[in-house]
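The chain is numbered in sequence order, starting from 1. Keep in mind that what you see is a predicted model, and the values were worked out from it rather than measured.
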Amino acid sequence: MSQVDRRAWQVLGIVFIVSFAILLWQGQAIYRHAPPIPDKVVSSNGNTLFTKEDILQGQLVWRSIGGHETGSIWGHGSYVAPDWNADWLHREALQLLDMFAFKDFNQTYQSLPEHLQASVKARTQESIRTNTLNPENGVVTLSAERTETTEALSHYYQQLFGNNPEFQTLREQYAIRENPIGNASYRRQLTAFLFWTTWATSTNRPDSDITYTSNWPHEPLIDNTPAGALLGWSIFSIVLLIAGIGAMAWHHAATVRNESLPAPPASDPLAQSSVTPSMMATRKFFGTAIALFVLQVILGGVTAHYAVEGQEFYGINLSEILPYAITRTWHTQLGLFWIATTWLGTGLYFAPLLSGAEPRLQKLGVNLLYGALLLVVTGSMVGEWLGVQQYFNLDMNFWFGHQGYEYVDLGRFWQIALFTGLLLWLALVTRAIIPALHRNAGDKQVLWVFFLSSIAIGLFYGAGLFMGKHTHLALAEYWRWWIVHLWVEAFFEVFATAVIAILFVRLGLIRTQSANSAVVFATTIFLVGGIIGTLHHLYFAGVPTSVIAWGASFSALEVVPLCLIGLEAYENYRLRKAATWVKAYQWPILFFVATAFWNLVGAGVFGFLIPPHFALLHPGLEHHSTSRPYRTVWCLWHARHWSSINLHEKTCQSCLLG
């Protein structure tokens, strides 16, 4: 290994260690500053409204009906049903406005002159935003007015999630099946969870003028508007992005030379490679991945149609059999399953190909892994259906049903089974690739990137196991995004980069040294923003401002390597005509080109909408969740003309009630 290559690996190691140190450090900050769960919520006269046990059990109830797949909490989840915190908060503010207006002036809030409205609004803001948590006994005390609104809203949501026929239209518009929670005690506990998560969005942190969720959701009625820090860090992230792109362009101009392609072999080098029994056995993985992809597309169509007919599919009452929460669960989960299946098959095929060795019983291991994969896919989908249909109690649902967290929906038993399967896959890949790593071949650096990314794929899914039955929601979001962002987006991306480079090296279409340098450099640049950039998913999930700062800054840097993605696409494209036999690989090469293009457009252009978190707290979008396309347009118009909205519930029911 040359001095330059050794230095590149040292930089990669430093980036990896420092980035994860910061990510874990911020995880510890989330743990310390997460919104507290009160031991009791009591009225001013001492009556207990909710207990901590009610809130924790209510979280399990929410998870059992699909959790993130049935509306959203703190902005995370699906968007046919409302964001329940924005919905609760807006309804409570409207009720308090009228309550105080009648109490002081014997009029509705809307009928008051503007100067009196300002007085009532200030009183409402103080009532909601004042933190009444006693840190010594863990008790939150509500005023008489807030006690009344809390009890009224608790009753409202219990009716919504029950079988009250007066709420049938609203359930249909929210794509919620009839009587989604048949147990009355469960419904009451659910409202405790909804109250607490909303309390965190509207109550100021101690000694602070922002809420536990950094003033999310946007609600001018209580002055939930973007804090100054959001604007500051949004601007900083944009400046850092421009600086990063400039540095990348400078590095490319200074170090990259337009090298001519090597003379390709006279014939396809891979044509002489022997296909081992275990490599042949991987065919079923790719066939299964195609089947899962097709099923995902079908379920995506059904899920999208629920936005038009909330409980029916072209007149058929499908919600009683396959409610929206289930079709969306399966749709998102199958995306992970078919992607993972593809990578598992790729690793099992390439490892013996690269080493030229077939380990003993490798085919048996491949077949066992495939059987385990089928078991996890079918078992988890059946369990999720049984959970949402309320066939399980809350404990059984956690283990075998629906965990309620988007992309980590499968029950804990199935989650452990999938992790075990990934460890088996890692063992199979390792025993097959080790002979190649021991050889002093020119492409050894690329092989090591391939192997290390395989280790990351095998191990990092285990981060989801840190979320327990009663893990605080803020910490659960933290660990959930380790899977969605790091496991799916980061390490699969590194794995794909290494596989493509190895393929082109083995075909003799690019120089080995060029591939080695490019892969190590690309991995380093990607992980610079990718690891810490995980925090950009947590802006308003009950985290301290430091998480917002780190997430915004490094999430913006994730876009930097994509600024030169067009060059990668061109380099791949020009390989098509390197030799006559390359035509057999034309479609895979064009697929790589298309992947580079959509990385640029999707992750680069559209993905940059995420780092400037100031824009994510746009007025009005949160609580104006609707179930019809034309109402979505109507609400977007409202969002752009927020000041013209009549804030009284009766004139805003097209948005709040569908």
Tell me, with the steps shown, if Ile128 and Thr124 meet side-chain contact (heavy atoms from CB on, under 4.5 Å).
CA-CA 6 Å; Ile128 294 179; Thr124 299; 4.1 Å; yes

Below 4.5 Å, heavy atoms only, C-beta onward: do [X] and [Y] meet side chain to side chain?
X	Y	value
Pro217	Leu89	yes
Pro36	Leu133	yes
His402	Ser64	no
Ile30	Leu475	yes
Ile55	Gln59	no
Val408	Gln415	yes
Ser78	Tyr324	yes
Asp39	Asn137	no

Sidechain-backbone polar pair: [X] side chain, [Y] backbone, donor-acceptor under 3.5 Å:
X	Y	answer
Trp550	Leu23	no
Ser555	Ala552	no
Arg63	Lys469	yes
Glu384	Gly401	no
Ser237	Ser234	yes
Asp409	Tyr407	yes
Tyr79	Gly75	yes
Glu219	Leu221	yes
Thr70	Gly66	no

Which atom of [X] lies closest to which atom of [Y], heavy atoms considered:
X	Y	value
Gly58	Phe193	C-CB, 3.6 Å
Ala549	Trp233	CB-CE2, 3.2 Å
Ile222	Arg129	O-CD, 2.9 Å
Asp223	Asn215	O-ND2, 4.3 Å
Trp74	Asp83	N-OD2, 3.7 Å
His218	Pro226	ND1-CD, 3.9 Å

Hey, could you give me the [atom1]/[atom2] distance between [X] and [Y], rounded to the nearest 0.5 Å?
X	Y	atom1	atom2	answer
Trp414	Trp399	CH2	CH2	13.0 Å
Ile500	Phe591	CD1	CZ	8.0 Å
Trp88	Leu194	CH2	CG	6.5 Å
Thr198	Phe195	OG1	CZ	8.5 Å
Phe236	Ser553	CZ	OG	4.5 Å
Trp62	Leu473	CH2	CG	5.5 Å

Taking the six-membered ring for Trp, is the centroid-to-centroid distance between [X] and [Y] below 6.0 Å?
X	Y	answer
His536	His485	yes
His472	Trp479	no
Phe50	Trp199	no

The test is side-chain hydrogen bond (donor to acceptor under 3.5 Å, both in side chains); show your working for Ser546 and Gln26 and say whether it passes.
CA-CA 8 Å; Ser546 61; Gln26 288 305 298; 2.8 Å; yes

Report the residue from Asn131, Thr203, Asn204 that forms a side chain to side chain donor-acceptor pair (under 3.5 Å) with Tyr212.
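Going through Asn131, Thr203, Asn204 one by one, the side chain to side chain donor-acceptor pair (under 3.5 Å) with Tyr212 is satisfied by Asn131 alone.
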
Reference residue Glu406; test side chain to side chain donor-acceptor pair (under 3.5 Å); the match among His76, Arg328, His68, Gln333
Arg328

In sequence, state the C-alpha distance, the side-chain angles, and the governing distance for Phe491 and Trp487, and then conclude on ring-ring contact (aromatic ring centres under 6.0 Å, His included).
CA-CA 6 Å; Phe491 294 116; Trp487 187 64; over 10 Å; no

Should Thr523 and Phe526 be marked as a side-chain contact (heavy atoms from CB on, under 4.5 Å) after you check the CA-CA gap, both sets of side-chain angles, and the distance that decides it?
CA-CA 5 Å; Thr523 301; Phe526 184 78; 5.9 Å; no

State whether a side-chain donor-acceptor pair under 3.5 Å links His537 with Glu477.
no

Given the rule in the side-chain contact (heavy atoms from CB on, under 4.5 Å) test, do Thr545 and Ile210 qualify, once you have shown the distances and angles that lead to the verdict?
CA-CA 10 Å; Thr545 305; Ile210 62 171; 4.0 Å; yes

Taking side chain to side chain donor-acceptor pair (under 3.5 Å) as the definition, give me every residue that meets it alongside His331, ordered by chain and number, with sequence neighbours left out.
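Once residues adjacent in sequence are excluded, His331 has no partner under the side chain to side chain donor-acceptor pair (under 3.5 Å) criterion.
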
Report the C-alpha separation of Trp216 and Tyr539 in whole Å, then their side-chain angles, then the decisive distance to 0.1 Å, and conclude whether the side-chain contact (heavy atoms from CB on, under 4.5 Å) test is met.
CA-CA 9 Å; Trp216 190 98; Tyr539 289 154; over 6 Å; no

So does Phe398 have more than 12 non-hydrogen atoms from other groups sitting under 6.0 Å from CZ?
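Counting other residues, nucleotides and ligands, CZ of Phe398 exceeds 12 neighbours.
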
Trp330/Gln296 under side-chain hydrogen bond (donor to acceptor under 3.5 Å, both in side chains): CA gap, chis, key distance, verdict:
CA-CA 7 Å; Trp330 288 352; Gln296 184 198 20; over 6 Å; no

Does the pair Trp343 and Phe495 meet the rule for a ring-ring contact (aromatic ring centres under 6.0 Å, His included), with working shown?
CA-CA 8 Å; Trp343 294 137; Phe495 181 83; 5.6 Å; yes

For a quick test of your reading: what N or O donor-acceptor pairs under 3.5 Å do the side chains of residues 451-468 make, sequence neighbours left out?
residue	atom	partner	partner atom	Å
Ser453	OG	Val449	O	3.0
Ser453	OG	Phe450	O	2.8
Ser454	OG	Phe450	O	2.8

